[in-house]
Amino acid sequence: MQDLSIVMKTQNVIISQCLERDLEAAIKKCNYDRLFVLTDTNTVENCWPLVCGFACLQGAKVITIGASDDNKTVESLCHVWDELQSGSATRHSLLVNIGGGMVTDLGGFAASTYQRGIQYINIPTTLLAMVDASVGGKTGINYGGLKNQVGVFNLASSVILHTCFLKTLDHPNIASGYAEMLKHGLLSDDERWAGLLAVDLASQNLDLDQMRLMVASSVAIKQHVVDEDPTEKGMRKVLNLGHTVGHAIESLAMEQGRTILHGYAVAWGLVCELYMSVALCGFPQEKMRQTVQFIHQTYGRFDLDCKDYDRLYELMRHDKKNVGNNINFALLANVGDVRLDQKASRELVYEAFDFLREG
Ligand code: GLY
């Protein structure tokens with residue numbers, strides 16, 4: 001099989017065909033004293049058994065935190081620091097994060113701050129973490145009811161992607177990761193975008209070889225952007241397509257005690273932001289229609305009441321990417337043609353919410 005590994009200017013991402021061999025090589029490179037593994041209550045049960053027999057992980061201390069985004073908290077972070085400390089971790093210790101984006105984000109932040117920073121390796125186990133969260137060095141936790149409010153940019157020593165973990169996921173979690181792949185497709189070219197819309201995601205037989213190629217292609221798009229702008233001073237903002245509205249949808253749902261997966265919020269965010277892209281940047285209507293149709297078929301509709309528009313808008317004003325009072329959007333003039341720092345009137349944003357509900 002083709003070697004698809006990607007050497008970033010900034011970070012080593014391995015599209016693995018042999019997890020044990022690739023993890024052993026990545027660990028060896030780190031020249032560590034003590035080894036720690038971070039899991040959550042799901043991955044310790046479903047994913048840790050796939051790797052715990054590896055010779056390179058023997059003797060590691062396993063730390064487990066609660067699963068799901070509700071546990072991406074300062075309390076979980078303190079638990080990881082406590083466990084590192086009680087396991088006598090030093091500045092030369094190594095943390096291997098095995099899990100979805102919550103684990104790789106929180107584990108990356110714990111590693112980046114413990115004794116001013118120890119090395120870490122990410123082994124993402126969800127599609128979402130493979131194509132987005134685990135790659136590119138964004139680490140952090142939720143704070144004050146808002147997502148990813150506290151964190152640092154700090155790259156993992158290595159990120160190892162292996163699609164064997166996708167077998168542990170249900171359909172909604174595959175669909176969730178696929179939303180970020182769709183975003184990457186919209187940022188790249190017509191061929192990749194159309195190829196993504198042509199996949200029957202509901203099919204019961206996930207083709208792991210096809211997924212491996214698609215994951216590699218998706219990560220390469222993100223990687224190209226991160227290499228150019230690792231700390232989001234400019235170009236990396238393109239990766240926020242769909243996220244300005246998407247994060248607000250996620251926060252609103254969290255406030256209302258509804259659990260929605262990140263990728264679903266991003267998909268619905270894309271619906272709104274494509275609507276704004278047509279209005280402000282001349283994005284082709286037909287491409288918007290095709291993309292929105294795929295999103296409705298795959299993700300259904302977000303249950304949004306017009307009484308919630310003001311709150312949703314307020315949440316968007318807290319977005320980290322804003323400058324001053326302006327809400328900043330990354331929008332599209334066409335597939336692969338991004339316009340950064342776009343401003344939309346409140347009226348247009350509310351029209352986009354209407355379009356999400358009824359369009
Ligand atoms: N998830 C967007 C980024 O990594 O910049």
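Order of appearance sets the numbers: ligands from 1, and atoms from 1 within every ligand. In this chain, residues are counted from 1 in sequence order.
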* Asked: Are a donor atom and an acceptor atom from the side chains of N122 and T104 found within less than 3.5 Å of each other?
  -> no
* **Check against side chain to side chain donor-acceptor pair (under 3.5 Å), N154 and S112** => CA-CA 7 Å; N154 182 33; S112 305; 2.8 Å; yes
* **Flag if over 12 foreign heavy atoms under 6.0 Å of CD, Q115** => yes
* Asked: Who pairs with E232 by salt bridge (Lys or Arg N to Asp or Glu O under 4.0 Å), at least two apart in sequence or on another chain?
  -> K138
* Asked: Applying a heavy-atom distance cut-off of 4.0 Å, which protein residues contact ligand 1?
  -> D132, K138, K222, E232, R236, L239
* Would a distance-only check, ignoring hydrogens and angles, find a side-chain to backbone donor-acceptor pair under 3.5 Å from R357 to L304? -> yes
* To do: State whether E286 and R289 are salt-bridged, where the test is any N-O pair (Lys NZ or Arg NE/NH1/NH2 against Asp/Glu carboxylate O) under 4.0 Å.
  => yes
